Amino acid sequence: MLINISSMKIYFAGAIRGGRNDAKIYEKIITYLGNIGQVLTEHVGDQDLGNMGEKGGIDMAIHKRDIKWLQSADVIVAEVTTPSLGVGYELGIAEKLKKPVLCLYRPSKDKRLSAMVKGNNQLSLWEYHNLTEARSCIDSFFKSLV
Ligand code: 6K6
C-alpha cells in the first residue's frame with residue numbers, strides 16, 4: 001500500500017481500562033507520531049485519563065467514535081505491552097479493514113504476549129526496550145509504507 005505520509009491519519013491504540021501503567025510511554029509515542037501525521041486518538045496518552053471511564057451511555061459513544069476513526073485511519077499503531085481487551089478488539093478490526101498495523105511491545109521475563117498478536121503475520125510486531133528504539137521501529141515501519 002502506497003501512502004502519502006504528510007497527510008496520514010494515525011490511530012494510536014493503548015490500554016485504558018486494561019491499565020494505565022504505560023500511559024507516559026503512550027504520550028511520548030503519540031508526540032513522536034504527531035511529527036509524521038495526524039494522530040486521531042491523542043487522548044490515549046493523556047496522563048489524567050483514569051482507567052474507569054465514564055458511566056452509562058458514554059461507552060456506546062466511545063465505541064461508535066473509535067470505530068469511525070479506525071475506518072478513516074491510514075495506519076494503526078498499537079502499544080501492546082499492557083494487555084487490553086479494547087486494543088485487541090481494535091487490532092482485529094484493523095486487520096479486517098486491511099489497514100497497515102504496527103504493534104510495539106516491550107518484552108519482559110514475567111510476561112508473554114498473546115499468541116493472537118505474536119502469531120499474526122498480518123501485523124508488524126516490533127520489540128523495543130526504550131523510547132529511542134520505539135522511535136526507530138516507527139521510522140522503519142513508516143518507511144516500509146512509502
Ligand atoms: C475516560 C476515562 C477512561 O476512559 C475514558 C474514555 N474511554 C475511552 N475513550 C477513548 N477510547 C477508548 C476509551 N476506552 C477504550 N478506548 C479505546 O480502546 C482506545 O482507542 C484504546 O486503544 C482502547 C483501550 O481499551 P481498554 O479495554 O484498555 O479500555
Side-chain angles (χ1 to χ4, degrees), residues 1 3 5 7-131 133-142 144-145:
M1 177 190 259
I3 289 184
I5 296 253
S7 58
M8 182 176 290
K9 289 185 188 164
I10 305 168
Y11 189 103
F12 177 83
I16 295 181
R17 292 184 191 168
R20 295 297 285 162
N21 284 350
D22 288 337
K24 210 170 192 160
I25 297 169
Y26 303 160
E27 186 186 31
K28 294 199 161 118
I29 292 173
I30 288 166
T31 301
Y32 192 69
L33 291 171
N35 300 319
I36 299 173
Q38 180 197 359
V39 182
L40 301 172
T41 53
E42 283 188 327
H43 52 273
V44 176
D46 184 344
Q47 305 278 320
D48 298 326
L49 193 70
N51 62 3
M52 297 308 288
E54 290 91 337
K55 293 179 198 152
I58 303 268
D59 285 356
M60 283 176 74
I62 290 168
H63 178 264
K64 194 173 171 188
R65 183 197 58 187
D66 284 359
I67 295 293
K68 270 203 177 144
W69 276 341
L70 269 171
Q71 287 167 334
S72 72
D74 298 298
V75 177
I76 286 76
V77 176
E79 213 293 351
V80 297
T81 308
T82 297
S84 153
L85 277 175
V87 173
Y89 175 83
E90 290 167 337
L91 291 176
I93 291 185
E95 185 185 353
K96 281 282 166 230
L97 292 172
K98 300 196 187 316
K99 309 272 181 182
V101 180
L102 168 64
C103 293
L104 293 167
Y105 178 67
R106 288 192 325 284
S108 66
K109 278 194 277 143
D110 51 338
K111 274 191 197 161
R112 289 188 73 190
L113 181 60
S114 167
M116 298 307 284
V117 175
K118 197 169 183 192
N120 184 343
N121 60 15
Q122 299 299 306
L123 312 173
S124 295
L125 173 64
W126 289 72
E127 292 190 355
Y128 74 100
H129 300 88
N130 53 51
L131 201 62
E133 283 183 14
R135 288 179 182 137
S136 77
C137 297
I138 290 167
D139 289 345
S140 302
F141 174 73
F142 279 93
S144 76
L145 300 179

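Just follow the structure's listing: the first ligand is 1, and inside any ligand the first atom is 1. This chain uses plain numbering: 1 for the first residue, then up along the sequence. Note that the coordinates shown come from a computational prediction; the quantities given were computed from them, not determined experimentally. Computed over heavy atoms, backbone and side chain alike; hydrogens, waters and symmetry mates excluded.
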Colleague: Relative to ligand 1, is Y89 under 4.0 angstrom through side chain, backbone, both or neither, heavy atoms considered?
Modeller: neither
Colleague: Does R17 reach ligand 1 with a nitrogen or oxygen that is under 3.5 Å from one of the ligand's nitrogen or oxygen atoms?
Modeller: yes
Colleague: I need the atoms of ligand 1 closer than 4.0 Å to a non-hydrogen atom of A15, numbered in the order shown.
Modeller: 28 (O)
Colleague: Polar contacts were defined as any N/O atom of the residue lying under 3.5 Å from an N/O atom of the ligand; does this apply to G86 and ligand 1?
Modeller: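 Yes, there is a polar N/O contact under 3.5 Å.
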Colleague: Check whether any N or O atom of I16, backbone or side chain, sits under 3.5 Å from an N or O atom of ligand 1, and answer yes or no.
Modeller: yes
Colleague: Is the closest side-chain heavy-atom distance between V80 and V87 below 4.5 Å?
Modeller: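 The answer is yes; the side chains approach within 4.5 Å.
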Colleague: Taking the side chain as every heavy atom from C-beta outward, state whether S7 and Q38 have any pair of such atoms under 4.5 Å apart.
Modeller: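 No, every pair of side-chain atoms sits at 4.5 Å or beyond.
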Colleague: Hey, does K118 have a side-chain heavy atom less than 4.5 Å from the side chain of L125?
Modeller: yes
Colleague: Answer with yes or no whether Y11 contacts ligand 1, where contact means a heavy atom under 4.0 Å from a ligand atom.
Modeller: yes
Colleague: Are the side chains of D59 and I62 in touch, meaning some heavy atoms are under 4.5 Å apart?
Modeller: yes
Colleague: Check each atom of ligand 1 against the heavy atoms of I62 and keep those under 4.0 Å away; list them by number with element.
Modeller: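 Near I62, the atoms of ligand 1 are 6 (C), 7 (N), 8 (C), 9 (N), 10 (C), 11 (N), 12 (C), 13 (C).
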Colleague: Output the distance between atom OH (Y105) and atom NZ (K111), rounded to the nearest 0.5 Å.
Modeller: 6.5 Å
Colleague: Check each of A78, G14, G18, A13 against atom 24 (C) of ligand 1 and report the one with the nearest heavy atom.
Modeller: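 Of the listed residues, G14 has the closest heavy atom.
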Colleague: Would you check if K99 and Y11 make a side-chain contact, meaning some heavy-atom pair closer than 4.5 Å?
Modeller: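 K99 vs Y11: side chains apart.
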